[in-house]
Amino acid sequence: MTNFHILGILLTSFISVHGAPRNIIFIAADDLGWNDVGFHNEDMITPNIDKLANRGVILNSSYVQPVCTPSRHSWMTGVYPFKAGLQRGVIFPDVAECSPLNLTFLPQRLQQLGYATHIVGKWHLGDCNWNCTPTYRGFDSFLGYYNGMEDYYTKIRNNGIDFHDGEKPLQDTAYSTFIYAQRAQNIIEEHNKSRPLFLYLPFQAVHAPIEVPQRFEDMYPHIQTDTRRKYCGMVSALDEAIGNITKTLINNNMMDDTLIIFSADNGGMVTQGGNNYPLRGGKVTLFEGGTRGAAFIFGNGLAKSGYTYDGMIHAVDWHPTIVAAAGGELPHKESSTIDGINQWEALSTGSESKRTEFVYNLDNEQMAPTGHAAIRVGKYKLIDGYPGPFRSWYPPDQVTKDECDCSDEREYYNCLQKRDTVRLIDAQEKGLGGMWAGEGLYDLTVDPNERNDISKQHPDIVKELKDKLDEYRKSYVTPVPDTPVPASNPDNYDGYWMPGWC
Ligand SMILES: *[C@@H]1O[C@H](CO)[C@@H](O)[C@H](O)[C@H]1NC(C)=O
Ligand SMILES: *[C@@H]1O[C@H](CO)[C@@H](O)[C@H](O)[C@H]1NC(C)=O
Ligand SMILES: *[C@@H]1O[C@H](CO)[C@@H](O)[C@H](O)[C@H]1NC(C)=O
Ligand SMILES: *[C@@H]1O[C@H](CO)[C@@H](O)[C@H](O)[C@H]1NC(C)=O
């Protein structure tokens with residue numbers, strides 16, 4: 001590197017630290033698999049996403065939680081879900097549960113730094129009380145839904161409509177990807193540039209139900225299986241939305257001042273068209289296919305770009321990292337109580353990640369007596385207990401069926417619990433041991449697809465990692481039981497899912 005280059009980098013970082021605060025757009029894709037973006041799989045048609053990823057920094061080791069609510073909780077709070085009782089799964093619409101109210105949410109910190117803050121899309125961090133909802137937790141505006149798995153057009157989940165503008169229920173039967181893109185574009189167009197903008201954009205796409213306008217499905221005529229063809233169309237609709245939003249940023253002269261972060265919330269759901277190949281497993285599992293997310297960053301503040309960054313990032317890191325990218329700093333006391341690490345320097349300069357270990361998840365009761373836990377330390381990963389229902393490797397465009405019907409979330413988790421408890425006990429009795437279940441120790445530097453359990457060769461490392469998990473267990477918080485609350489019924493609220501019943 002010449003002196004001239006070094007000077008250039010120093011100047012860029014000086015301007016980004018001391019210049020106007022940057023806009024930050026955090027785009028989340030729901031249930032998007034590792035193998036479902038063009039920058040990992042050339043069969044996917046995602047030109048807009050690929051352009052940003054290839055000109056930005058592709059994150060090769062960006063980890064999320066195995067399901068939706070815990071990942072979103074991690075992004076917003078910087079605290080592991082197992083310390084907040086949110087490690088079990090998603091928040092069901094009729095359960096009185098929310099991300100703990102004594103934790104500070106990311107947009108609250110950004111408001112303190114002078115940001116305008118908006119959310120467009122899915123919340124899924126609780127809605128039984130108004131205090132749990134977006135506009136009470138740091139967002140100036142909200143358009144979207146509180147829960148998950150609703151219809152893309154009717155916005156109906158079970159027996160109610162879940163769609164809201166701010167605190168008002170709303171009816172709009174357009175395909176949600178269009179609605180959310182349009183709202184994001186309106187926010188950008190109307191933004192007063194005397195303040196920086198934070199836009200959190202958790203799209204409904206590409207979670208089930210599998211629904212997409214025909215023209216997107218038609219982009220994949222060579223795909224044989226119906227679900228996968230439609231699913232790929234959903235990804236391309238999301239890509240078009242992102243293309244429209246970036247055009248609006250350019251037209252409003254905001255692109256050069258904007259940092260874009262893109263992340264999946266968990267792996268693809270292999271029974272619903274999602275694909276994580278060659279990674280093992282998928283959504284709802286502790287394998288890499290469930291937890292290693294497709295992700296990139298692009299734009300303002302990156303002194304180095306156009307490469308793939310292999311450093312370890314975890315979902316909890318985004319909270320302190322985004323605060324730092326916004327020119328702020330966490331109060332000293334809080335930066336030591338949260339789990340997130342400020343990775344802004346690492347990401348903006350391409351230097352070594354500050355993270356050397358993380359907990360994939362910790363749930364002492366799920367599939368008792370085995371539990372459900374995994375930890376990464378350096379190159380090693382230990383899966384201790386139940387890894388989740390999908391234990392294989394799933395090439396794209398094949399039908400993956402599961403006898404547990406996932407069209408109803410509560411029934412689905414109950415079914416998995418019953419079936420897999422029987423299977424685990426069976427495997428233990430037959431002496432099939434941990435390998436059948438996928439439990440074990442993996443060296444991810446040589447075996448990123450978790451094909452070789454090396455626990456027998458390295459009992460010392462297994463013990464070391466188990467001890468570390470036990471250390472984390474000291475801050476374990478028991479999950480809230482998912483007892484339905486009848487007062488939540490949309491019949492009490494003119495047919496809408498509304499807060500106010502806890
Ligand atoms: C939030 O409240 C819980 C439960 O009372 C407590 O265990 C936890 O330490 C609190 N966290 C913070 C950051 O105050
Ligand atoms: C933008 O905000 C500034 C500061 O609050 C205000 O003076 C100005 O009038 C606003 N501009 C517009 C177009 O609203
Ligand atoms: C993108 O913008 C075009 C032109 O306005 C519009 O026709 C299309 O529906 C938009 N697509 C999405 C996904 O928002
Ligand atoms: C990304 O991860 C894969 C393993 O899944 C590895 O083979 C590859 O070398 C990594 N890329 C970079 C640039 O580190």
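Keep in mind it's a predicted model, so treat the numbers as computed, not measured. Read the numbers this way: they start at 1 and go in the same order the structure lists the ligands and their atoms.
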Report task. Would you please indicate if the ring centroids of H319 and W75 are separated by under 6.0 Å? Result -> no

Query raised in the report: Between C98 and C128, is the SG gap short of 2.5 Å?
Result: no

Report task. Considering the heavy atoms of A241, write down every atom of ligand 3 situated less than 4.0 Å from one of them. Result -> 13 (C)

Requested in this report: Measure the distance from atom 9 (O) of ligand 3 to every protein heavy atom, then report the residue, atom name and distance (to 0.1 Å) of the closest one.
Outcome: F178 CE2, 3.6 Å

**Report entry** Residue, atom name and distance, where the atom is the protein heavy atom closest to atom 8 (C) of ligand 3
**Finding:** E240 OE2, 3.3 Å

Query raised in the report: Going by the angle between their ring planes, with limits at 30° and 60°, are Y180 and Y145 parallel, tilted or perpendicular?
Result: parallel

Requested in this report: Would you mind running through ligand 3 and noting each atom that sits below 4.0 Å from a heavy atom of A181?
Outcome: 14 (O)

Requested in this report: Might you check, step by step, whether the distance between atom 5 (O) of ligand 1 and some protein heavy atom is under 4.0 Å?
Outcome: no

Report summary line: The atoms of ligand 3 lying under 4.0 Å from a heavy atom of A237, numbered in the order shown, are 13 (C)

Query raised in the report: Taking the six-membered ring for Trp, is the centroid-to-centroid distance between Y153 and Y175 below 6.0 Å?
Result: yes

Query raised in the report: Which residue and non-hydrogen atom of the protein lie closest to atom 13 (C) of ligand 1, and at what distance in Å?
Result: L103 CD2, 3.9 Å

Report summary line: Nearest non-hydrogen protein atom to atom 2 (O) of ligand 2, with distance, is N192 ND2, 2.3 Å

Query raised in the report: Is the F296-F298 ring centre distance short of 6.0 angstrom?
Result: no

Requested in this report: Check whether the side chains of R228 and N275 place a donor and an acceptor atom closer than 3.5 Å, and report yes or no.
Outcome: no

Report summary line: closest protein heavy atom to atom 14 (O) of ligand 1 is N102 ND2, 3.3 Å

Report task. Write out the residue and atom name of the closest protein heavy atom to atom 10 (C) of ligand 3, then the distance separating them to 0.1 Å. Result -> N244 ND2, 2.4 Å

Report task. Can you label the angle between the Y80 ring and the H314 ring as parallel, tilted or perpendicular, going by 30° and 60°? Result -> perpendicular

